[in-house]
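For this chain, numbers begin at 1 and follow the sequence in order. Everything numeric here is computed off the predicted structure, so don't read it as measured data.
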Amino acid sequence: MSLSVLAALFGFAFVTTATPGPNNLMLLASGANFGFLRTIPHMVGILVGLTVLTLLAGVGLMSLFESFPVLRTILEVLCVGYLLWLAWKVATAAPLKETVASASGQPMTFLQAAAFQWVNPKAWAMGLSAITIYAPDRSLPSVMLVASAFAIVCFPAISVWAWLGTVVRQWLSSQRRRQVFNITMATLLVGSLYPVLGSL
């Protein structure tokens, strides 16, 4: 892989992980509710989950989807269903003080965040697109390079969202503003499904 293509790969990985999507919306909420340090396991889970998903997609899952297209349809249905449920949870979230005080109000764990990537349509779209563009031969070295690019840029790209959550924490302490924010985020989450699923 030439340096120019390698630079394009890292640019693709950074932009796709840094732009709004389910992971980053959840990190924004986690940063606001629990602070940056308690959100770190969530961020590391995203990094590991996305890297493993991309690696496995390149070494076998893409071929499986090509051989059995119905599996791709099932994946899309599961992703849409889960993301619609997630959007509903975001839109109807309790006020910040209630969420923090709740016994069940805990940040997402490392394992939960890693597992979430398998029902995250943006993660699938990112991984499959990167393999198609930058590792078309699907050789193990090429696929590992693509997965490594995501592993390297993921944490700095997504940590900004958790930090932004800590910045807006005080602003979201107003119940009315939080309701408007949550409904806006949920609407954007649902709206993001169409372009993402188009590339799945």
Side-chain angles (χ1 to χ4, degrees), residues 1-32 34-62 75 79 82-83 86 107-168 185 188-189 191-193 195-200:
M1 187 178 289
S2 67
L3 285 178
S4 60
V5 174
L6 189 62
L9 167 60
F10 274 82
F12 175 90
F14 183 84
V15 169
T16 53
T17 52
T19 49
N23 281 328
N24 291 333
L25 290 175
M26 288 167 39
L27 289 174
L28 183 67
S30 184
F34 309 111
F36 188 88
L37 291 179
R38 292 185 67 194
T39 304
I40 288 176
H42 184 168
M43 290 187 280
V44 177
I46 291 172
L47 185 159
V48 173
L50 178 59
T51 302
V52 171
L53 184 150
T54 303
L55 183 61
L56 294 181
V59 298
L61 291 178
M62 287 182 74
L75 173 65
C79 288
Y82 188 84
L83 263 294
L86 182 62
M108 186 172 275
T109 67
F110 167 83
L111 289 177
Q112 288 170 333
F116 173 69
Q117 304 318 302
W118 295 87
V119 290
N120 179 357
K122 185 181 179 185
W124 278 104
M126 288 161 49
L128 295 176
S129 298
I131 295 296
T132 300
I133 297 168
Y134 298 102
D137 62 349
R138 299 183 202 168
S139 66
L140 185 57
S142 297
V143 170
M144 289 182 68
L145 183 59
V146 171
S148 297
F150 280 109
I152 291 168
V153 305
C154 184
F155 194 88
I158 64 177
S159 63
V160 173
W161 289 86
W163 172 78
L164 285 175
T166 66
V167 171
V168 300
M185 292 297 102
L188 290 173
L189 186 57
S192 71
L193 284 172
V196 170
L197 289 175
S199 58
L200 248 184

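Remark: Met108 engages Met26, His42, Gln112, Ala113 in a side-chain contact (heavy atoms from CB on, under 4.5 Å) (not counting sequence neighbours). Looking at residues two or more places apart in sequence or on another chain, you find a side chain to side chain donor-acceptor pair (under 3.5 Å) between Ser30 and Thr39. Shown here are the side-chain contact (heavy atoms from CB on, under 4.5 Å) partners of Val44, two or more places apart in sequence or in another chain: Ile40, Val48, Phe110, Phe155.
Of all the heavy atoms in Thr51 and Ala147, the pair that sits closest is CG2-O, 3.7 Å. Smallest separation of non-hydrogen atoms from Thr166 and Gly31: CG2-O, 3.5 Å. Minimum interatomic distance between Ala162 and Met43 (heavy atoms only, all atoms of both residues): CB-SD, 4.0 Å. Shortest non-hydrogen contact noted between Gln117 and Leu53 is O-CD1, 3.3 Å. Residue Gly58 comes nearest to Arg138 through the heavy atom pair O-CB, 3.6 Å, listed as atom of the first residue, atom of the second, then distance. Closest heavy-atom contact between Leu56 and Trp118: CD1-CH2, 3.7 Å.
Rounding to the nearest 0.5 angstrom, the gap separating the CG atom in Leu9 from the OG atom in Ser4 is 11.5 Å. The distance from the CG atom of Leu47 to the CG atom of Asn23 is 10.5 Å, given to the nearest 0.5 Å. The distance from atom CD1 of Ile133 to atom CG of Leu128, rounded to the nearest 0.5 Å, is 11.0 Å. For the atom pair OG1 of Thr54 and CH2 of Trp124, the computed distance is 9.0 Å after rounding to the nearest 0.5 Å. Leu50 contributes atom CG, which lies 5.5 Å from atom SG of Cys154 (distance to the nearest 0.5 angstrom).
Residues Pro22 and Asn120 have side chains in contact (heavy-atom distance under 4.5 Å, counting atoms from C-beta outward). In this structure the side chain of Ile46 reaches within 4.5 angstrom of the side chain of Leu27, judged on heavy atoms. Residues Phe12 and Phe150 have side chains in contact (heavy-atom distance under 4.5 Å, counting atoms from C-beta outward).
Between the side chains of Thr132 and Ser129, not a single donor N or O lies within less than 3.5 Å of an accepting N or O.
The backbone N or O of Thr19 sits nowhere less than 3.5 Å from a side-chain atom of Trp161 that would complete a donor-acceptor pair. Put simply, the side chain of Trp163 never gets that close to the backbone of Phe36: no donor and acceptor are under 3.5 Å apart. Side chain of Lys122 to main chain of Thr17: no donor-acceptor pair is present (N/O by atom type, distance under 3.5 Å, no hydrogens or angles).
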